[in-house]
Amino acid sequence: MSGHPTFLGIRVTPLTQRRWQNFRANRRGFWSLWLFLGLFGLSLFAEFIANDKPLYVSFAGASYFPVFVAYPETAFGGDFETETEYRDPFVIELIEEQGWILWPPVRYSYRTINYDLPVPAPAPPSTENLLGTDDQARDVFARLIYGFRISVLFGLVLTIFSTVIGVAAGAVQGYFGGWTDLLFQRFMEIWSGLPTLYLLIILASFVEPNFWWLLGLMLLFSWMSLVGVVRAEFLRARNFDYVRAARALGVSNGMIMFKHVLPNAMVASITFMPFILSGSITTLTALDFLGFGLPPGSPSLGEMLQQGKSNLQAPWLGITAFVVISVMLTLLIFIFEGVRDAFDPRKGIAATTPITAERTRAAPATAKEAAE
């Protein structure tokens, strides 16, 4: 039995403990992680925070959950077989005659139009619309929550797939070298010369873009940013003594690449990951701003920026989107800086132990004192 501690049933090795201590020592990255996880966690439950459907309805002794199930209006004594419009005052009165309604904190979804605005849209912030409305009378706060979730999920998925493909391609090039490396480099030179943004704009005129379509198209080009650094690490490490010893022992090339050489390339890979993540988010934002991104009506930070550009008399639109994008990208950069330092094998445990601190205080301050 190993004496290593466990967390949730997973054995925690001394290396993992050292990496976690190094990450915690980076206070900026550590607190940025918790702040980002809090914001992202809230956005994952956007339907329970901002929605035009109640969380729970009690009617005539029965329980209904409109967030999960679409109920016809006839279920509450109405006249229509279509899905219930819960914001309709007539429907609210019908339900409250024989029950009660539990609403989310914000009674607007990203596509809900507020028809009761006291001023023409876009309306300024108020108690009803915390961050105001856009020029289509849709709640900005609700669209912000949903748009933040889409942007982060898009960036994370694209970064994960790009990292896997880029690391694999760079590892094959660097480890095998020769004609494999030469042919792959020529292919990348041609492929990287294609104008990505123009291709996205051109293809968007033929096919209606959606989340997965944009993800796949951007993945065709985003993986190349990691190939160079990973290839260099594998070229450097493939002739090391421990790699030659592994070959002599009959270890397969795949095992050598994955277990022995890849850990040395992870630091360089993690260094580039925040640039892929922030670049994917900004590219999606730019496409939405230009009108070539997600389908019209989708919650999008880029569409909010475009709203701010088109409605200069409503500064809350542009300011809100700018602040959210800036804070999101800043937190992500700080987090990955901490992760990079944690995985750096050249860094020891950053936290000073009590014994080291005591020896430091007891050590003489100058060479003269040491001589005495």
Side-chain angles (χ1 to χ4, degrees), residues 36-60 62-78 80-118 121-154 156 210-211 284 288 293-304 307 316-317 320-321 323-324 328:
F36 177 79
L37 288 178
L39 295 175
F40 183 52
L42 289 175
S43 69
L44 291 177
F45 298 93
E47 287 81 5
F48 299 93
I49 299 175
N51 207 329
D52 55 3
K53 299 177 181 179
L55 301 176
Y56 175 78
V57 173
S58 176
F59 180 78
S63 298
Y64 300 88
F65 300 92
V67 174
F68 302 103
V69 182
Y71 299 104
E73 188 177 304
T74 53
F76 305 104
F80 301 102
E81 293 288 347
T82 57
E83 185 177 357
T84 306
E85 178 59 48
Y86 296 95
R87 292 178 52 84
D88 188 344
F90 175 72
V91 174
I92 295 176
E93 183 179 353
L94 284 176
I95 295 176
E96 291 182 345
E97 286 179 355
Q98 304 183 52
W100 52 277
I101 305 175
L102 177 61
W103 288 96
V106 179
R107 299 188 182 185
Y108 296 93
S109 182
Y110 66 89
R111 60 181 179 272
T112 307
I113 298 176
N114 187 356
Y115 293 100
D116 301 323
L117 290 176
S126 63
T127 55
E128 182 71 15
N129 303 106
L130 298 179
L131 296 178
T133 67
D134 58 12
D135 56 8
Q136 299 182 39
R138 298 172 299 190
D139 187 78
V140 173
F141 182 75
R143 293 185 65 80
L144 182 65
I145 296 176
Y146 287 88
F148 180 87
R149 180 174 65 180
I150 288 180
S151 298
V152 174
L153 288 176
F154 184 89
L156 290 176
N210 54 47
F211 182 92
L284 178 64
D288 291 331
L294 296 173
S298 301
S300 166
L301 299 179
E303 196 264 348
M304 290 180 61
Q307 290 259 357
W316 57 87
L317 296 174
T320 300
V323 170
V324 171
M328 175 174 56

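Atoms considered below: every heavy atom in the structure, side chains included; atoms not considered: hydrogens, waters and symmetry mates. Positions are given from 1 along the sequence.
- With sequence neighbours left out, P54 forms a side-chain contact (heavy atoms from CB on, under 4.5 Å) with V57, P66, Y86, I101, W103.
- For the atom pair F40 CZ and L156 CG, the distance stands at 5.5 Å (nearest 0.5 Å).
- Looking at residues two or more places apart in sequence or on another chain, you find a side-chain contact (heavy atoms from CB on, under 4.5 Å) between P122 and D135, N311, Q313, A314, W316, L317.
- In this structure, L284 and L294 approach most closely via the heavy-atom pair CD1-CG, 4.3 Å.
- Screening residues 44-58 for salt bridge (charged side-chain N to carboxylate O under 4.0 Å, His left out), with sequence neighbours left out, gives E47-R149, K53-E83.
- Residues passing the salt bridge (Lys or Arg N to Asp or Glu O under 4.0 Å) test with E303 are R138, R143, sequence neighbours excluded.
- Remark: F59 engages F76 in a ring pair (Phe, Tyr, Trp, His ring centres under 6.0 Å) (not counting sequence neighbours).
- Taking S58 as the reference, Y56, W100 meet the side-chain contact (heavy atoms from CB on, under 4.5 Å) condition, with sequence neighbours excluded.
- Residues that satisfy the side chain to side chain donor-acceptor pair (under 3.5 Å) test with S300, not counting sequence neighbours, are D288.
- For the side chain to side chain donor-acceptor pair (under 3.5 Å) condition, no pair includes a residue of residues 66-77, sequence neighbours left out.
- Within the structure, the salt bridge (charged side-chain N to carboxylate O under 4.0 Å, His left out) test picks out no pair touching residues 87-98 (sequence neighbours left out).
- Residues forming a ring pair (Phe, Tyr, Trp, His ring centres under 6.0 Å) with F68 (at least two apart in sequence, or on another chain): F48.
- Residues forming a side-chain contact (heavy atoms from CB on, under 4.5 Å) with D139 (at least two apart in sequence, or on another chain): V106, Y108, N129, F141, A142.
- Under the ring pair (Phe, Tyr, Trp, His ring centres under 6.0 Å) criterion, F80 pairs with no residue, sequence neighbours left out.
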